[in-house]
K.L.:
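One structure, as structure tokens, below. Some questions next.
These numbers were taken from a predicted model, which means no experiment stands behind them. Protein chains get the first letters and strands the later ones, always in sequence-line order, with residue 1 at the start of each.
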2 protein chains.
Amino acid sequence: MWEEILAKYFNEKGLKKSVKRKKFIDFFFKADKHFSVDELYEKLGKKVSRSTIYRTLKLLKECGLVIEQKFEEKNRRYEPLHLSYHHDHLICLKCGKIIEFNEKKIENIQKKVAEKYNFKMVFHKLEIYGYCEKCQKS
Amino acid sequence: MWEEILAKYFNEKGLKKSVKRKKFIDFFFKADKHFSVDELYEKLGKKVSRSTIYRTLKLLKECGLVIEQKFEEKNRRYEPLHLSYHHDHLICLKCGKIIEFNEKKIENIQKKVAEKYNFKMVFHKLEIYGYCEKCQKS
DNA sequence: ATGAAATTGAAATTCATTTTCAAAATATAA
DNA sequence: TTATATTTTGAAAATGAATTTCAATTTCAT
């Protein structure tokens with residue numbers, strides 16, 4: 001699925017398939033969780049430069065395969081976007097723990113809200129901030 | 001309400017009530033909408049420095065009276081947090097227009113999700129990205 | 001294999017945010 | 001009120017994530 005979207009995008013834009021890009025994209029979609037650029041740089045054994053990581057993420061954002069999340073940290077996180085399945089986040093204000101959840105009911109209400117405002121929804125972000133079980137106690 | 005929270009916080013921390021702080025806080029809570037630091041700087045007639053604006057916003061965040069929003073722009077936005085009323089955002093990916101909405105049903109489901117994970121919710125952010133009525137046509 | 005065009009990484013740049021520090025403002029005590 | 005200690009302020013410097021530049025390298029259609 002994402003391979004086709006990517007192939008189509010590369011074709012339209014006249015982009016070339018490079019070794020570095022392939023290495024990065026393969027790792028990222030296989031891992032299928034959110035990362036910071038630094039984490040990606042480390043995970044790839046520092047074999048793909050940060051410049052290239054930023055640049056490739058930009059491409060992936062443009063074809064809608066990745067979303068950029070800005071949590072409380074100062075750097076951004078990137079997450080492969082699977083069209084069939086979307087999850088949201090519970091974020092602990094004390095320890096920073098991120099719990100993922102999925103709630104169909106919320107998705108449905110969101111669709112209705114978008115319709116009400118004649119808004120064509122592409123994706124959404126829902127973040128619930130608070131204290132996780134551990135941090136409430138300590 | 002917010003005056004009391006603030007007074008209590010100032011007292012606990014041994015903070016002083018300065019002219020600049022007062023000027024800033026009065027404007028911000030009266031305006032009651034989200035601003036970037038630059039907008040605040042302009043709105044206050046450049047009479048309160050950016051340093052002081054950043055510092056005061058930090059205090060307000062700490063006592064839970066303001067939330068920091070990170071949208072697609074590179075700078076952050078700040079919004080007075082009214083405990084009784086919370087709204088979410090529809091954000092246009094093309095023109096950047098931000099529409100506010102409020103949906104009680106979503107809030108209720110969020111409460112249930114938080115409970116399910118033994119998570120103590122403090123606040124949440126829901127952003128729906130897509131295309132506004134105008135931008136769908138053009 | 002050749003050459004035009006795209007890609008790469010290191011270094012430079014950008015720019016929002018944070019920190020530093022000396023001067024000014026505020027609060028408390030005498 | 002005056003003295004004293006502490007906090008606050010703004011300009012300038014520092015920080016650091018993200019972006020851009022550019023010469024060298026890689027890709028790919030011919």
Side-chain angles (χ1 to χ4, degrees), chain A residues 3 6-28 34-63 65-79 96, chain B residues 6-28 34-63 65-79 93 96:
Chain A
E3 280 105 335
L6 206 56
K8 185 165 175 285
Y9 189 76
F10 268 55
N11 198 41
E12 276 169 3
K13 294 267 180 176
L15 302 172
K16 293 177 177 173
K17 300 188 201 81
S18 78
V19 171
K20 303 289 180 157
R21 241 153 25 193
K22 191 171 181 337
K23 190 181 169 79
F24 170 74
I25 292 174
D26 283 353
F27 170 79
F28 191 50
H34 58 79
F35 290 103
S36 66
V37 166
D38 249 41
E39 285 166 357
L40 288 164
Y41 180 63
E42 293 295 332
K43 292 277 182 188
L44 289 162
K46 304 184 183 181
K47 296 294 172 53
V48 180
S49 74
R50 283 167 226 265
S51 307
T52 298
I53 295 174
Y54 277 116
R55 279 188 284 231
T56 309
L57 284 168
K58 196 181 175 198
L59 293 179
L60 296 175
K61 271 196 291 176
E62 281 164 9
C63 52
L65 291 171
V66 159
I67 59 169
E68 193 180 71
Q69 300 270 11
K70 297 172 183 179
F71 297 122
E72 296 298 83
E73 309 147 302
K74 67 164 78 179
N75 53 9
R76 305 177 191 165
R77 291 193 163 269
Y78 298 87
E79 184 168 300
Chain B
L6 206 58
K8 185 166 174 284
Y9 189 76
F10 268 55
N11 198 42
E12 275 170 5
K13 294 269 181 176
L15 301 172
K16 293 177 176 174
K17 301 189 201 82
S18 78
V19 170
K20 303 287 179 155
R21 246 161 10 200
K22 192 171 179 341
K23 189 180 170 79
F24 170 75
I25 292 174
D26 284 353
F27 169 79
F28 191 50
H34 59 80
F35 291 104
S36 66
V37 166
D38 249 42
E39 285 166 358
L40 288 164
Y41 180 63
E42 292 296 332
K43 293 276 182 188
L44 289 163
K46 305 184 182 182
K47 295 293 172 56
V48 180
S49 74
R50 283 168 226 265
S51 307
T52 298
I53 295 174
Y54 276 116
R55 279 188 284 231
T56 309
L57 284 168
K58 196 181 175 200
L59 294 179
L60 296 175
K61 271 195 290 174
E62 279 164 9
C63 52
L65 291 172
V66 159
I67 59 169
E68 193 180 70
Q69 299 270 12
K70 297 172 183 179
F71 296 122
E72 297 297 84
E73 311 147 301
K74 71 161 75 178
N75 54 8
R76 305 176 191 166
R77 291 192 163 270
Y78 298 87
E79 183 168 300
L93 289 166

K.L.:
Can you tell me the distance, in whole Å, between the CD1 atom of A:Ile53 and the P atom of D:dA17?
P.N.:
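Going from CD1 in A:Ile53 over to P in D:dA17 covers 14 Å.
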K.L.:
Would you please name every residue forming a salt bridge (Lys or Arg N to Asp or Glu O under 4.0 Å) with B:Lys22, sequence neighbours left out?
P.N.:
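Expected list: B:Asp26.
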K.L.:
Within residues 36-47 of chain B, find the residues that approach DNA chain C with a heavy atom at under 4.0 Å, and present them sorted by residue number.
P.N.:
none
K.L.:
Over how many whole Å does the gap from A:Lys22 atom NZ to C:dA6 atom C1' extend?
P.N.:
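Distance check: A:Lys22 NZ to C:dA6 C1' gives 19 Å.
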K.L.:
Are B:Ile53 and B:Tyr41 close enough that some pair of their side-chain heavy atoms sits under 4.5 Å apart?
P.N.:
yes
K.L.:
Is there a donor-acceptor contact under 3.5 Å from the side chain of A:Glu42 to the main chain of A:Glu39?
P.N.:
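Checking the backbone N and O of A:Glu39 against the side chain of A:Glu42, no donor-acceptor pair under 3.5 Å is found.
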K.L.:
Give, for atom SG of B:Cys63 and atom NZ of B:Lys58, the distance between the pair rounded to the nearest 0.5 Å.
P.N.:
12.5 Å
K.L.:
Quickly work out the A:Glu73 CD to C:dA16 C1' distance and round it to whole Å.
P.N.:
17 Å
K.L.:
Under the salt bridge (Lys or Arg N to Asp or Glu O under 4.0 Å) test, which residues partner A:Lys8, sequence neighbours left out?
P.N.:
A:Glu12
K.L.:
Looking at B:Thr56 and B:Thr52, would you say the former's side chain and the latter's main chain have a donor-acceptor pair under 3.5 Å?
P.N.:
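Checking the backbone N and O of B:Thr52 against the side chain of B:Thr56, a donor-acceptor pair under 3.5 Å is found.
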K.L.:
Tell me: CG of B:Asn75 to C1' of D:dG16, nearest whole Å?
P.N.:
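Atom-to-atom, B:Asn75 to D:dG16, this comes out as 17 Å.
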K.L.:
In residues 65-76 of chain A, what donor-acceptor pairs under 3.5 Å come from side-chain atoms, sequence neighbours left out?
P.N.:
from, atom 1, to, atom 2, distance (Å)
A:Glu68, OE2, A:Lys61, NZ, 2.9
A:Glu68, OE2, A:Arg76, NH1, 3.4
A:Glu68, OE2, A:Tyr78, OH, 3.2
A:Lys70, NZ, B:Phe71, O, 2.6
A:Lys70, NZ, B:Glu73, O, 2.8
A:Glu73, OE1, A:Arg77, NE, 3.2
A:Glu73, OE2, A:Arg77, NE, 3.1
A:Glu73, OE2, A:Arg77, NH2, 3.2

K.L.:
Starting at the 5' end of nucleotides 19-30 of chain D, put B wherever the base has a protein heavy atom under 4.0 Å, S where only the sugar-phosphate does, and a dash everywhere else.
P.N.:
BBB-----BS--
K.L.:
With sequence neighbours excluded, tell me which residues meet side chain to side chain donor-acceptor pair (under 3.5 Å) with B:Tyr54.
P.N.:
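Applying side chain to side chain donor-acceptor pair (under 3.5 Å) to B:Tyr54 gives none.
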